[in-house]
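Contents: one structure, followed by commentary.
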Amino acid sequence: MGQVPSLNAGWVISDEPFLKPHISSFIDYLKIRGSWGINGKQFPENYLRFGKYNLGYGGNPYWANQMSVSSYGGVTGVIPNYDQIGNASLSWEETEQWNVGFDLDMFNRRVSLAFDAYNKNTDKLFFDVAFPAYSGYNSAPTNVAGVINYGWESMLRYHVFPRENDLRMELSVGFAQNKNYVSKLPNGNQDYIGGDYGYVVGRPLNLYKMFINDYIIDDLDQLPVNPFTGEPLQGKSAWANIRPGFPIWQDLNGDYLLNEEHDLKLTTDYSPIPDITGSFQYKLAVQKMVLPGL
């Protein structure tokens with residue numbers, strides 16, 4: 001069990017006597033706030049710190065010859081589960097985060113603005129570390145990865161009519177910038193490449209593996225030719241035949257055959273995260289009835 005302390009504070013500036021006489025004509029409410037805390041996350045399943053063993057299954061006597069049998073002389077065998085080796089040092093994930101922001105209402109609460117900035121640092125992240133084949137085991141979960149999320153979010157609301165009217169319309173527009181990057185990886189922060197994605201320290205999560213465009217072919221004579229076979233560059237059999245107008249990707253392993261197995265490259269120059277996101281919404285209400293909005 002870990003310690004998860006937290007602190008938060010807020011100050012309603014608009015209620016302060018020294019300021020209220022100067023701003024009350026146009027500011028109804030102004031609050032600044034901040035918080036800090038550490039969150040803990042337990043193991044995703046019970047007994048993850050301990051190694052597992054599998055019991056052999058002798059099968060039903062009527063069809064035992066058709067089953068996978070792990071026994072000797074009628075005694076059930078006990079074998080290690082090669083997908084989970086014990087790790088006594090496995091602990092909770094820890095996330096330290098802070099948030100600062102403000103809430104503002106103006107002009108008889110017809111204009112409202114909320115803003116938040118945050119930073120979230122997750123350490124001891126659960127990560128399956130692959131083992132070499134000679135170990136006999138496949139992988140094990142460990143607390144060896146880290147990721148940092150940070151950014152800001154804002155929302156501006158405008159009430160077209162006074163809020164006490166029977167007919168009310170609210171327009172909302174929001175903008176946000178949410179970023180992240182990997183702060184720590186196992187094996188000395190080595191790049192990790194999975195099936196279709198990868199992780200690199202200092203770069204965003206889930207970088208994609210992609211083909212690298214070399215040029216757009218205008219004529220088949222532009223294709224490079226394998227000097228050993230005399231055959232031009234081609235794509236794998238499942239693809240359409242290369243013809244003018246097709247993009248030609250870099251043949252990274254030099255076998256004159258373009259395919260996903262050898263010619264995909266982890267793209268560290270581009271981010272899968274948008275620079276900024278936005279939203280727009282309107283809400284229309286007549287007395288207590290709210291009409292569908294956008």
Side-chain angles (χ1 to χ4, degrees), residues 1-11 31-52 80-103 114-132 135 137-155 174 176-208 266-268 271-277:
M1 181 178 295
Q3 297 182 349
V4 286
S6 64
L7 296 171
N8 66 83
W11 182 19
K31 178 181 180 179
I32 59 174
R33 47 188 165 72
S35 62
W36 169 89
I38 297 177
N39 296 332
K41 180 181 178 182
Q42 201 175 8
F43 311 141
E45 60 182 87
N46 295 329
Y47 310 113
L48 200 59
R49 298 180 64 185
F50 306 101
K52 285 184 178 180
N81 183 323
Y82 297 106
D83 289 321
Q84 183 169 330
I85 187 173
N87 182 1
S89 61
L90 198 65
S91 64
W92 284 28
E93 290 182 358
E94 289 186 358
T95 299
E96 180 180 4
Q97 55 187 344
W98 58 258
N99 178 286
V100 294
F102 66 85
D103 300 301
F115 178 87
D116 288 275
Y118 68 93
N119 183 285
K120 182 178 180 181
N121 183 2
T122 301
D123 194 23
K124 300 181 180 179
L125 191 67
F126 294 127
F127 195 89
D128 287 332
V129 175
F131 287 166
S135 70
Y137 287 87
N138 298 323
S139 62
T142 54
N143 300 103
V144 292
V147 62
I148 294 178
N149 293 270
Y150 64 97
W152 55 266
E153 298 178 352
S154 63
M155 179 64 69
Q177 185 180 68
N178 299 290
K179 301 286 187 179
N180 64 56
Y181 66 87
V182 178
S183 59
K184 184 170 62 175
L185 285 173
N187 301 321
N189 290 329
Q190 288 187 2
D191 297 350
Y192 175 85
I193 300 178
D196 297 319
Y197 60 90
Y199 301 127
V200 177
V201 170
R203 300 297 300 158
L205 288 168
N206 299 328
L207 296 174
Y208 293 109
L266 192 67
T267 55
T268 58
S271 172
I273 303 174
D275 291 333
I276 194 168
T277 58

Could you tell me whether the side chain of Asn143 reaches within less than 4.5 Å of the side chain of Leu125, counting heavy atoms only? no
Under the criterion side-chain contact (heavy atoms from CB on, under 4.5 Å), I'd like the reasoning laid out for Val129 against Val144: C-alpha separation, chi angles, the key distance, then a yes or no. CA-CA 9 Å; Val129 175; Val144 292; 3.9 Å; yes
To the nearest 0.5 Å, what is the distance between CG (Asn99) and CG (Asn119)? 10.5 Å
Mutual orientation of the aromatic rings belonging to Tyr181 and Tyr150 [parallel < 30°, tilted 30-60°, perpendicular > 60°]: perpendicular
Point-to-point distance, once rounded to the nearest 0.5 Å, from NZ of Lys124 to NZ of Lys41: 15.5 Å
Report yes if some heavy atom in the side chain of Asp275 is under 4.5 Å from a heavy atom in the side chain of Lys179; otherwise report no. yes
State, yes or no, whether a side-chain contact exists between Val4 and Glu94 at a heavy-atom distance under 4.5 Å. no
Nearest heavy-atom neighbours spanning Phe115 and Ser154: CD1-CB, 3.9 Å
With heavy-atom distances below 4.5 Å as the criterion, would you say the side chains of Lys184 and Val201 are in contact? no
Heavy-atom pair of closest approach, residues Asp103 and Ala114: OD1-CB, 3.6 Å
Flag side-chain contact, heavy atom, 4.5 Å: Tyr199 against Leu205: yes
Using 30° and 60° as the class boundaries, would you call the ring planes of Phe127 and Tyr192 parallel, tilted or perpendicular? perpendicular
For the residue pair Val182 and Val200, establish whether any side-chain heavy-atom pair is separated by less than 4.5 Å. no
Whether Arg33 side chain and Ala9 backbone form a donor-acceptor pair below 3.5 Å: no
Heavy-atom closest pair, residues Ser35 and Asn8: CB-CB, 3.8 Å
Atom OG in Ser6, atom CH2 in Trp36: separation rounded to 0.5 Å? 8.0 Å
Within the 4.5 Å heavy-atom criterion, are Thr142 and Pro186 side-chain neighbours or not? no
Exactly one of Lys120, Glu96, Gln97 should register a side chain to side chain contact (heavy atoms under 4.5 Å, CB included) with Asn39. Which one does? Gln97
Among side-chain atoms of Asn178 and Tyr118, is any donor-acceptor pair under 3.5 angstrom? yes
Using 0.5 Å steps for rounding, measure from the CD atom of Gln42 to the CZ atom of Phe126. 8.5 Å
Just how far is it from atom CG of Asn121 to atom CD1 of Ile148, taken to the nearest 0.5 Å? 4.0 Å
dist Tyr208:OH -> Thr267:OG1 (nearest 0.5 Å) comes out at 9.5 Å
Look at the rings of Phe131 and Tyr137 and say which category their plane angle falls in: under 30° parallel, 30 to 60° tilted, over 60° perpendicular. perpendicular
